[in-house]
Amino acid sequence: MMIIGCPKEVFKGENRVALTPESAKQLQKLGYTCLLETGAGINANFSDKDYKNAKVKVVKDASELWKQSDIILKVRGPEKSELSKVKLNHHIISFIWPNQNKSLLEALKKKKVTVQAMDMIPRISRAQKMDALSSMANIAGYRAIIEAGNQFGRFFTGQITAAGKVPPAKILVIGAGVAGLAAIGTAQSMGAIIRAFDVRPEVAEQIESMGAEFLMLDFESDGTGEGGYAKPASKEFIKKEMELFRKQAPEIDIVITTALIPGMPAPKLWPKEMVELMKPGSVIVDLAAEQGGNCEVTVPNKIIETKNKVKVIGFTDLPSRMATQSSSLYSTNVRHMIDDLTPKKDGIPFTNMEDDVIRGATVLHGGKITFPPPKPKIVAIAKHETNKIKEKSSEEIAQDEIKAEKKAGKLQFLLLVVGALLTWFIGYYAPSDFMQHFIVFILSCFVGYQVIWNVSHSLHTPLMAVTNAISSIIIIGALLQMRTENDIVSILALISIFIATINIVGGFMVTKRMLSMFQRS
């Protein structure tokens, strides 16, 4: 059984903690013992008493915690002051940013430390529960709108009052990743008019589904890069992009920039020219400030005001400003990582380098630097299949569709011939009265099939649309049978109408409830 230790973050202004009382309980179920440095969770509103109630041992001295622990959980990677506390064969799980911190990797390599970088989790479906970058980006996007609202001099939502009319705020979100979508959702709930831009065309549907307007760029380009991030744009694309922003700048009240590619400086998407075009009182929140900023005038960790009275917010600690929520999400991501590292639930981690997720996150193992990792096999397979599809030209696809239609036509013709021969064979021996009813039966089956399967289900689920169509035909048939002189048939027809009507009414009631789930109250 190994010991997990969580020291207090030493980076100035870092309020998050990598271990919460709730996550500690889950780790104990995996067979681990948990230690915590005194006061490590205070800034995130988790007291030492909370940890003690969760059976976590609280250690007063940081050096003693590092010494006793086998696995160290942190938010930020070890600082220079902490390197002396790292012991041989330690196991560290934290944000590392290996591409930017090569000297840290070299220092940890000498002590044969195994390191899982939470910022290197592959962006594949199975790893979503460990995706700490997305967790923090979600919080940053939400907090960006809150910070913008704090500096903005008006309501977000439009209002008509006795004192006059207040126009709604117009917000432009640049970059529709996790942070951008979180910002859109928050601003939408506050009643603002939102416009969003992204170089990846496939996010347009996500943006519009959240009630924002997607600013389409008239340019043939796919900005999708590795891992779902955007890739660097061409000069021609940037020129068109600047033209679009130049039109938007005088109208927009708030700009949220979120464009950042891991391991690279932030692209300059909102130059000084755009800032000067904005109205006095406008606000810019630059979520890429830590990597130089998307806005040319951003100053990291400060709020500045330009000559034309535009406020530019360059905070780099937005998740830390919501430390309780951030710590809960991050510690859950870490706990899921340790869960995968402990397949036997025996309190002993196993770094399986054959596992795509663990291999992708592992930047140091066995005294060797294992960064950068190979591309995940799942992604490689998916891309291979995609390339296969892309090999066909539009003409080839059209030809394939024509062939498929011809094949379907031949099959239908064959079925008609077989059906006609079968009907002739039955008619040769059967009486004429029977054949009249039999032909009506065949035609009713054909017409019924065409009617039912051509019903539009725009306001239904497909199953509900089909069952309602069947019920409608049952009612029509039952109404025709009501004219018969046989009382039993009439009674059965009446019962059929009653039951089918219940089904139709119920279908529409369920549909109404489904639609109301998507309406804003």
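- Ala259 approaches Leu269 most closely through the heavy-atom pair CB-CD1, 3.3 Å.
- Surrounding CD1 of Ile488 are at most 12 heavy atoms belonging to other residues, nucleotides or ligands under 6.0 Å away.
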Point to revise | Verdict with supporting geometry, Ser331 and Glu22, side-chain contact (heavy atoms from CB on, under 4.5 Å) | key: CA-CA 9 Å; Ser331 63; Glu22 186 59 36; over 6 Å; no
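- Atom CE of Met120 is separated from atom CG of Asn99 by 8.0 Å, given to the nearest 0.5 angstrom.
- Within a 6.0 Å radius of NZ in Lys345, more than 12 heavy atoms belonging to other residues, nucleotides or ligands are found.
- Inter-residue side-chain proximity for Arg16 and Tyr330 is flagged as unmet; no heavy-atom pair is nearer than 4.5 Å.
- A distance of 14.0 Å separates CD1 in Ile252 from NZ in Lys247, rounded to the nearest 0.5 Å.
- Taking the six-membered ring where the residue is Trp, Phe197 and Phe214 present parallel rings, their angle staying beneath 30° rather than reaching 60°.
- Panel note: side chain Lys129, backbone Thr332; no donor-acceptor pair is recorded below 3.5 Å.
- Residue Ile171 holds its CD1 atom at 4.5 Å from CD1 of Ile254, rounded to the nearest 0.5 Å.
- Here the closest non-hydrogen pair linking Pro349 and Gly347 is CD-O, 4.0 Å.
- The CD1 atom of Ile145 sits 4.0 Å away from atom CD1 of Ile256, with the distance rounded to the nearest 0.5 Å.
- The two atoms that bring Ala493 and Gln481 nearest to each other are CB-CB, 4.1 Å, heavy atoms only.
- Note that the CG atom of Leu479 and the CD1 atom of Ile474 stand 12.0 Å from one another [nearest 0.5 Å].
- From Ile358, atom CD1 reaches atom CE of Met337 across 6.5 Å, with rounding to the nearest 0.5 Å.
- Surrounding CZ of Phe245 are more than 12 heavy atoms belonging to other residues, nucleotides or ligands, all under 6.0 Å away.
- The number of heavy-atom neighbours closer than 6.0 Å to NZ of Lys279, taken from other residues, nucleotides and ligands shown, is above 12.
- Within the 3.5 Å criterion, the main-chain N or O of Asp131 finds no donor-acceptor partner in the side chain of Arg123.
- For the pair Asp339 and Met130, the minimum side-chain heavy-atom distance is 4.5 Å or more.
- With hydrogens and angles ignored, the 3.5 Å screen pairs no side-chain donor or acceptor of Asn294 with any backbone N or O of Lys268.
- Within 6.0 Å of the CD1 atom in Ile160, the count of heavy atoms belonging to other residues, nucleotides or ligands does not exceed 12.
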Review point. Could you walk me through whether Met210 and Ile194 pass the side-chain contact (heavy atoms from CB on, under 4.5 Å) check?
Key: CA-CA 10 Å; Met210 297 184 74; Ile194 308 132; over 6 Å; no
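- Remark: the backbone N or O of Ile504 is not paired with any side-chain donor or acceptor of Ser471 at under 3.5 angstrom.
- In this structure the side chain of Ile207 reaches within 4.5 angstrom of the side chain of Ile184, judged on heavy atoms.
- You'll find the side chain of Lys239 stays beyond 4.5 Å of the side chain of Met242, heavy atoms only.
- Across Val357 and Ala127, no two heavy atoms sit closer than the pair CG2-CB, 3.8 Å.
- The two residues Asn333 and Ser135 have their closest heavy-atom pair at OD1-OG, 2.8 Å.
- Around the CZ atom of Phe155, the shell of radius 6.0 Å holds no more than 12 heavy atoms that belong to other residues, nucleotides or ligands.
- Two residues are said to be in side-chain contact when any heavy atoms from C-beta on lie closer than 4.5 Å; Pro122 and Asp356 fail this criterion.
- Ring geometry, Trp97 versus Phe95: the interplanar angle falls under 30°, so the pair is classed parallel (tilted spans 30 to 60°).
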Practice item. Go through the steps for Gln248 and Met274 under the test side-chain contact (heavy atoms from CB on, under 4.5 Å), then give the verdict. Key: CA-CA 9 Å; Gln248 295 293 322; Met274 305 302 171; over 6 Å; no
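- When all heavy atoms are compared, the tightest approach of Pro319 to Ser326 is O-OG, 2.5 Å.
- Between Asp253 and Arg154 there is a salt bridge, since at least one side-chain N of the basic residue sits less than 4.0 Å from a carboxylate O of the acidic one.
- Using a 4.5 Å cut-off on side-chain heavy atoms (C-beta onward), Thr186 and Tyr142 make contact.
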Exercise for review: Walk me through it: do Leu73 and Ile338 pass the test side-chain contact (heavy atoms from CB on, under 4.5 Å)?
Suggested key: CA-CA 10 Å; Leu73 305 186; Ile338 296 174; 3.8 Å; yes
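- Inter-residue side-chain proximity for Ile426 and Phe434 is flagged as met; some heavy-atom pair is nearer than 4.5 Å.
- Ile475 has its side chain within reach of Thr501: a pair of non-hydrogen atoms, C-beta onward, lies under 4.5 Å apart.
- Side-chain N or O atoms of Thr370 include one that pairs as donor or acceptor with a backbone N or O of Thr362 at under 3.5 Å.
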